[in-house]
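The structure displayed is predicted, hence computed values, not measured ones. In what follows, chains carry the letters A, B, and so on, assigned in the order in which the sequence lines appear, proteins first and then strands, with residues in each chain numbered from 1.
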Protein chains: 2
Amino acid sequence: MAVTIRDVARASGVHISTVSRTFSAPHLVNPETRSRVLATAEQLGYRPNRAARALITGRTHNIGLIVADIANPFFPPLIKAAETHARRRDYHVFVADTDEDPIVEAELVQALAKQVDGILLCSPRMSDDQIELLRREVPLVVINRLITGLPAVVMDVGQGAREAVLHLLGLGHRHLVYLAGPRGSWTNREIRRAAGATARAAGAELTVLGPNQPVEETGAAAAEAVLGTGATAVFAYNDLMAIGLLQSLQDRGVDVPGQVSVVGIDDIAYSVLVRPRLTTVANPTAAAGRTAVDMLLQHGDDGPAGQVTLRTDLIIRNSTGPGPYAPAVALNAEVAAHVKE
Amino acid sequence: MAVTIRDVARASGVHISTVSRTFSAPHLVNPETRSRVLATAEQLGYRPNRAARALITGRTHNIGLIVADIANPFFPPLIKAAETHARRRDYHVFVADTDEDPIVEAELVQALAKQVDGILLCSPRMSDDQIELLRREVPLVVINRLITGLPAVVMDVGQGAREAVLHLLGLGHRHLVYLAGPRGSWTNREIRRAAGATARAAGAELTVLGPNQPVEETGAAAAEAVLGTGATAVFAYNDLMAIGLLQSLQDRGVDVPGQVSVVGIDDIAYSVLVRPRLTTVANPTAAAGRTAVDMLLQHGDDGPAGQVTLRTDLIIRNSTGPGPYAPAVALNAEVAAHVKE
DNA sequence: CTGAAAGCGCTAACAA
DNA sequence: TTGTTAGCGCTTTCAG
């Protein structure tokens, strides 16, 4: 089999515990001995067996990352950032995909629990109670959801939604559609709440269409319904749906943003690849991934769990344009004041 | 700490080895005893510690999956398929991203080697020698690359390239551009070779532009160069580049496919989201992911490594149209005969 | 600073 | 069918 600590000990003429120390507590070993051990280890190609180490230290140096759908372009940048950041801290990341299914999600947490030092739950679809139960089995950090007492990093989609609605209002739109996301999504609730409050405060109408699976197809399929409402602007749960809608509207001969304005959320890479380029609320997914890893690894150091909120940014591109009403130039500030809670 | 095999043994009044057997060789234990053990295990919430098990069996039940860039939409469907398929066989998947860097790639293999039962190398950028060295440390299955003696699953991009070029030729194009992919990519070499041979056999011209990083930006940046060649059709290393080029051409007022035809490879989800919809060679990425997992897990059973080639399919959409020459209706069959080696 | 010894949680012969 | 006995490769007291 592979070369073990014993081989190194023998080859360098010391006891295995000295070899062990050389790797896990170098300062406790004589510099000369240390370099000799290191040299033979190097030469033999020795690499500590993490499973064995985990057995005794109780730390696996693995992290679990559970996402709703790897194929959704929202996740890859987050996964990538988390993985790279974790690796830099000598951790490996297990990635698992739940296919948007809360049952699978719970099973995955259980399956991974003993294999990892903690799990990053990204956009979980489980109920709060469910998560509450699971957190006893394994340290959890939740991304894109707020649960009392649980460490979390969320992207402030509420603020983003508010800005987006204000943007639309300022453009002269008075009847908006919110093309909702999936049931069980905290993000979806946040957006809906914030968008609703903002529209209401301005005396504008907001029609909610949904819930929907957060994929292009549902966006495209919603075109008829959107047109049926008579609204002149649509705010979608994510860019995927916004893009699906955008293309579907254009395929029907509806001009965007001439007749209908469309705004998305996430700022996925493809939002600049469609024409018109998509106006959207940028989510700091990479930062969220890194932050979540940090929170998980600090877990225990600073007692009670923190909750970090990351800023979002409205990026105005070409899928939004003037609405049928007079541009409410002063509206932005005015409404903002109202809305500020 | 967590509940161990000893707790279960005590609680159910048997020896730990009986508990062990209940889980790893159920048929060797009395049905009554078994159900009793199972019941207490269930009740105590016992879950075998995989690290401990791995230590003795030598099998971690983990698989490593190394990809060039998670954020490249080519990979997520493959990752997802591999992960789901592996999980069904009770394996977990470590996903790692190399950022297209062969050095990082090699380091990752080494780091993961002891943690996993094998590694799936997807579109590796390393040299053959490098990979040859690494395969001694850990079982490897390579995706999208052929290396003598190494199990591999490849998507037949050569055939796809041939079909694509024939399609273009049949449309009346005689001067094509191949917008190349990254250096070190086997896929890139295959495409180039097949496309070149096919064009040559038909007496058409093929200009190669590259190598390039396989991202939208380079596709967009290549617009000028493409126009400069005077070619009327472009075949890109992947959809990302094709889409970047497509939009960049349109932004310059060049009609696609009116003036220039564009075809990509991969058939990523976004290829139908752009207008015109992209003509492309569909790669069976999900099947590749599943097949690779199977090959890795069968490793050893059937001795020498197999090499599986998966079919690709040309999907004709709207980014390709008539070229300046007479449509060579009969050309397809004719050239195909020539090209068939 | 280094060696000896005792396990981490589990499996795998071997006996009984 | 079940219990006993060794470890897997490593860390961690505790002596020396």
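Straight-line distance from the NE2 atom of A:H15 to the P atom of D:dA15: 17 Å, rounded to whole Å. Straight-line distance from the CD atom of B:Q115 to the P atom of D:dC10: 13 Å, rounded to whole Å. B:L28 has its CG atom 19 Å from the P atom of C:dA16, to the nearest Å. Note: CZ (B:R10) to P (D:dG3) measures 14 Å, nearest angstrom. Separating the CD1 atom of A:I56 from the P atom of D:dT12 is a distance of 6 Å, rounded to the nearest angstrom. Spacing between atom NE2 of A:H27 and atom P of C:dT2 amounts to 13 Å, rounded to whole angstrom units.
With sequence neighbours excluded, no residue forms a ring-ring contact (aromatic ring centres under 6.0 Å, His included) with B:F75.
Nearest nucleotide to the side chain of A:L55, out of D:dT2, D:dG9, C:dT11: D:dG9. Of the candidates C:dT2, C:dT11, D:dT4, the closest approach to any side-chain atom of B:I5 belongs to C:dT11. Checked against D:dC10, D:dG3, C:dC10, the side chain of B:N49 finds its nearest nucleotide in C:dC10. Nearest nucleotide to the side chain of A:R21, out of D:dC10, D:dT2, D:dC14: D:dC14.
Dashed line: the shortest gap from a side-chain N or O of B:T33 to OP1 or OP2 of D:dT1 is not under 4.0 Å. Look at A:S20 and you'll find a side-chain N or O under 4.0 angstrom from OP1 or OP2 of D:dT11. Taking 4.0 angstrom as the limit, A:R6 places a side-chain polar atom (N or O) nearer than this to OP1 or OP2 of D:dC8. Side-chain nitrogen and oxygen atoms of A:T57 include none within less than 4.0 Å of the OP1 or OP2 phosphate oxygen of D:dT12.
With DNA chain C read from its 5' end, the first of the two nearest nucleotides for B:A52 and B:S17 is the one closest to B:A52.
Over its full length, the helix from C:dC1-D:dG16 to C:dA16-D:dT1 turns its helical axis through 40°, comparing axes from the five pairs at each end and rounding to 10°.
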In residues 44-52 of chain A, what donor-acceptor pairs under 3.5 Å come from side-chain atoms, sequence neighbours left out?
residue : atom : partner : partner atom : Å
A:N49   : OD1  : A:A51   : N            : 2.8
A:N49   : OD1  : A:A52   : N            : 3.1
A:R50   : NH2  : A:D90   : O            : 3.1
A:R50   : NH2  : A:D90   : OD1          : 2.6
A:R50   : NH2  : A:D90   : OD2          : 3.4

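Remark: the A:R47 side chain and the D:dG9 base include no donor-acceptor N/O pair separated by less than 3.5 Å. The base of D:dG9 does not come close enough to the side chain of A:R50 for any donor and acceptor atom to sit less than 3.5 Å apart.
Among the heavy atoms of the strands, none lies under 4.0 Å from B:F23. Nucleic acid contact for B:V19: none, since no nucleic acid atom lies under 4.0 Å from a heavy atom of the residue.
In this structure the side chain of A:W186 never reaches within 4.5 angstrom of the side chain of A:R125, judged on heavy atoms.
Salt-bridge formation is detected for the pair B:R87/B:E83: a Lys NZ or Arg NE/NH1/NH2 atom is positioned less than 4.0 Å from an Asp or Glu carboxylate oxygen.
Each of A:D97, A:L134, A:I131, A:T98 was checked for a side-chain contact (heavy atoms from CB on, under 4.5 Å) with A:E105, and the lone residue meeting it is A:T98.
With values rounded to the nearest 0.5 angstrom, A:D128 atom CG is found 9.5 Å from A:L146 atom CG.
Residue B:A111 comes nearest to A:H92 through the heavy atom pair O-NE2, 3.7 Å, listed as atom of the first residue, atom of the second, then distance.
If you check the side chains of B:D117 and B:T60, you find a donor sitting under 3.5 Å from an acceptor.
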